[in-house]
There are 4 protein chains.
Amino acid sequence: MGGTMDGTKQQRRGNTRQRIQDVALALFAEQGYEKTSLREIAERLDVTKAALYYHFKTKEEIIVSLFEDLTQPIQDLIEWGRGQPHTLETKQEIVRRYSRALSHAEPLFRFMQENQATVRELRIGDSFKDRMRCLRDILLDPDAELVDQVRSVSALFTLHAGMFLLQDLDGDVEKKRAAVLEVALDQVTQAHEHAHR
Amino acid sequence: MGGTMDGTKQQRRGNTRQRIQDVALALFAEQGYEKTSLREIAERLDVTKAALYYHFKTKEEIIVSLFEDLTQPIQDLIEWGRGQPHTLETKQEIVRRYSRALSHAEPLFRFMQENQATVRELRIGDSFKDRMRCLRDILLDPDAELVDQVRSVSALFTLHAGMFLLQDLDGDVEKKRAAVLEVALDQVTQAHEHAHR
Amino acid sequence: MGGTMDGTKQQRRGNTRQRIQDVALALFAEQGYEKTSLREIAERLDVTKAALYYHFKTKEEIIVSLFEDLTQPIQDLIEWGRGQPHTLETKQEIVRRYSRALSHAEPLFRFMQENQATVRELRIGDSFKDRMRCLRDILLDPDAELVDQVRSVSALFTLHAGMFLLQDLDGDVEKKRAAVLEVALDQVTQAHEHAHR
Amino acid sequence: MGGTMDGTKQQRRGNTRQRIQDVALALFAEQGYEKTSLREIAERLDVTKAALYYHFKTKEEIIVSLFEDLTQPIQDLIEWGRGQPHTLETKQEIVRRYSRALSHAEPLFRFMQENQATVRELRIGDSFKDRMRCLRDILLDPDAELVDQVRSVSALFTLHAGMFLLQDLDGDVEKKRAAVLEVALDQVTQAHEHAHR
DNA sequence: GATGAATGAGAATTCATTCAT
DNA sequence: GATGAATGAATTCTCATTCAT
């Protein structure tokens, strides 16, 4: 009984963990981590609080699991970037791929962006900082002028902030994303060329 | 009334209100608004929680008062900007003054930056968004290309993020600030020139 | 069925019940009954909590089963004692046998000793008290002086407490046990002789 | 207003802390520490749980405060004992005074006796063990035979156990206490004389 | 013989807030 | 200008227990 041969099999039972993650991320991103109680998450899923604890040992583990699951592409990107030469092309490709990676894990990144104070206290804080530092170090020429270093970092940050900052600007989402990417590429290019003149 | 002409203005009889604000801001910026309890603030000041309530009606009022007291310069800047023509010089001056204003109220801005999720729920959320929008509208040419709009917004954001992002880059604080300012000016200039060609 | 003649008696197919009892007793004795959760027991055995419920209907049933399995020798001792005349020899033999019985079920008795408050609420509480009373009544001459009654009870208690109290006294375990036994015998003897003078 | 000139002044307000201690001790002794919830204590006092937290930072602090307040006499006794020569008279006096001290803090000691597993995990566990060791070391001749050492320790334990063990023996409480004391004195005397022959 | 998933009850603790003094 | 005492509502988390599979 149940499941039959249609595709509902995998969404019937055994998807609770996934559902918890989805709802939690939505609420964390909307209201912040501290303001979101487990009661609220449980209610939205129509399960008991204790059910959450069956799947995650603590509240923190929920956010940690989200972070780990959703930032894998960025981890991969860093791995890839490390193996490449520090050419302009590499840098541009990093920026392009990062832009794409961000857009996939958007709610998570909005959450991290908007809850830095919280994130700092959580275990993910450090992993996240590490990754940002790695990316930065790939984009940066350590002996470039300070101004160009700022330009590189600013590129990353423009990507980060882009989506959220432009929300109330009118225009098509895809176009805005493209514009943000272009500005970031520009900054990275300026920084690189200036440094290698 | 009060203050007389003797210069005791800022210490008056009992500067507790001020001290509460200072400690609260430090803690809010460090740990976030929700994670900072009134107990903690009171303990640091060596007064009771009830004493806080003599000076502020609610916890929110503390942060609101900080916001109002510390963002006056930015309010003034917006006022000034609105009266100016939309020339490149104006835009550059806005960026310069904004950079200076930010550096004065740094902890508050770090707090707002890092606790957006919280801020959104608080009364200050809207005032803050309004002001950001105003600044943006001064820097922006509404009919500029999207890319240039992004560049302008990115300038603001670079300023905002600058201080925090560059913390673990070595180098003198003042120099870093100057570099950040230069990048921001650059972006605004590019945006403007591109649009007015 | 089961057991056959091959000597596998104690490991049969699946000795889980026994393993649960062992682990539970160890944990109960170490941390107390309330502080030991079924989760902990299950984890140590590398089974699920639900598996425990296959073997025992409730948590209490685990401790009850331990009590019943491990105190059989004492039950027997009481039975035996009741059929004997109230001579000094009988009393001394009771003390000797009791000492031996205790040393076999040591962890259980330590548990009962150290968790009296808990035991009192459990079903075993009364059985235990009954048995202690029986033993006492065999050792006691009801019309002896109060002091001698105390001496008899104290003998029992010295045995009980002996092991644990002397833990941090240096010396060989067997010797300490013998010394404890000697003191207990002494008390019982004094009580008896004093009463029958 | 309030208090007038009768003696009710000090029981009106400001005795809550004391009342919490009283009720808590009664419940801890009756049901054990873990089985007694703060809700229960609060309900008996007709205050909220939060009120308990105004007076004690944690549940553990309640029991710690009881321990510290009620065992002062024993602490004093140890101090006194240390300054005395190791004569039989000293030892007997220790036993006498200890008996008296115990009878004052009876519920606490019953609690500690019956919740050793719990006590061991709490901070008081060690202080308590230390004190017992001190007392033991005053009563003990370190080079006495093992049997006599057991006898000394058994004396202490007889005192401890006395009250509780004899509860269901009929007879006047004071008389029972006297009998227990006599047995304990006897043991200490035997141990001493045997050792100094 | 056992698991995976869940529940309902309850625990300790924390918080912003109030108010008589 | 401030305190001491308290509250009510919420929070995270744990536990014994159940049951379909």
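Please read all numbers here as calculations on a predicted model, not as lab measurements. Letters A, B, ... mirror the listed sequences (proteins, then strands); counts begin at 1.
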Round to the nearest Å and state the distance from [X] atom [atom1] to [N] atom [atom2].
| X | N | atom1 | atom2 | answer |
| --- | --- | --- | --- | --- |
| F56(C) | dT18(F) | CZ | P | 16 Å |
| I62(B) | dC15(E) | CD1 | C1' | 13 Å |
| I20(D) | dA5(F) | CD1 | P | 11 Å |
| E60(C) | dC15(F) | CD | C1' | 16 Å |
| E34(D) | dG10(E) | CD | C1' | 15 Å |

Point to revise | Base-paired stems that DNA chain E participates in, counting runs of 3 or more Watson-Crick or G-U pairs under 3.5 Å | key: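 Ordered by first number, the stems with DNA chain E (at least 3 consecutive pairs each) read E:2-21 with F:2-21.
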
Practice item. May I ask you to check whether Q31(C) and E40(C) show a side-chain donor-acceptor distance below 3.5 Å? Key: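 Note: Q31(C) and E40(C) side chains meet the donor-acceptor criterion.
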
Considering all heavy atoms of both residues, which atom of [X] and which atom of [Y] are nearest to each other, and what is their separation?
| X | Y | value |
| --- | --- | --- |
| N115(D) | G32(D) | OD1-CA, 3.3 Å |
| Q21(B) | D69(B) | NE2-OD2, 3.3 Å |
| E60(D) | R123(D) | OE2-N, 2.9 Å |
| K49(C) | A42(C) | N-CB, 3.7 Å |
| L66(D) | L108(D) | O-CD2, 4.1 Å |

Practice item. Give a yes or no on whether a donor-acceptor pair under 3.5 Å exists between the nucleobase atoms of dT17(E), that is its base, and the side chain of K49(B). Key: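 Such a pair is found, so the answer is yes.
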
Closest to side chain of [X], choosing from [options]:
| X | options | value |
| --- | --- | --- |
| V47(B) | dT7(F), dA2(E), dT3(F) | dT3(F) |
| K59(B) | dT17(E), dT14(F), dT3(E) | dT17(E) |
| L38(B) | dA16(E), dC13(F), dA2(F) | dA16(E) |
| A50(D) | dT3(F), dT14(E), dA2(E) | dT14(E) |
| S37(C) | dT14(E), dT17(E), dC15(F) | dC15(F) |
| Y53(D) | dT3(F), dT14(E), dC13(F) | dT14(E) |

Check your understanding: Between T58(D) and L52(A), which is nearer to the 5' end of DNA chain E once each is assigned its nearest nucleotide?
Key ->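 Taking each residue's closest nucleotide, the earlier one in sequence belongs to L52(A).
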
Point to revise | Position toward the 5' end of DNA chain E (nearest nucleotide), E40(B) or K57(B) | key: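 The residue whose closest nucleotide sits nearer the 5' end is E40(B).
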
Does [N] have its OP1 or OP2 closer than 4.0 Å to a side-chain nitrogen or oxygen of [X]?
| X | N | result |
| --- | --- | --- |
| Y54(A) | dA5(E) | yes |
| H55(B) | dA2(F) | yes |
| R39(A) | dT12(F) | no |

Practice item. Rounded to whole angstrom, note down the P distance from dG1(E) over to dT21(F). Key: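 Pairwise P distance, dG1(E) against dT21(F), rounds to 23 Å.
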
Point to revise | Any donor-acceptor pair under 3.5 Å from K35(C) side chain to E121(D) backbone | key: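 Judged by distance alone, no pair lies under 3.5 Å.
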
Check your understanding: Mind checking whether F111(B) and F28(B) have parallel, tilted or perpendicular rings, split at 30° and 60°?
Key ->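 Plane angle between 30° and 60°, so tilted.
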
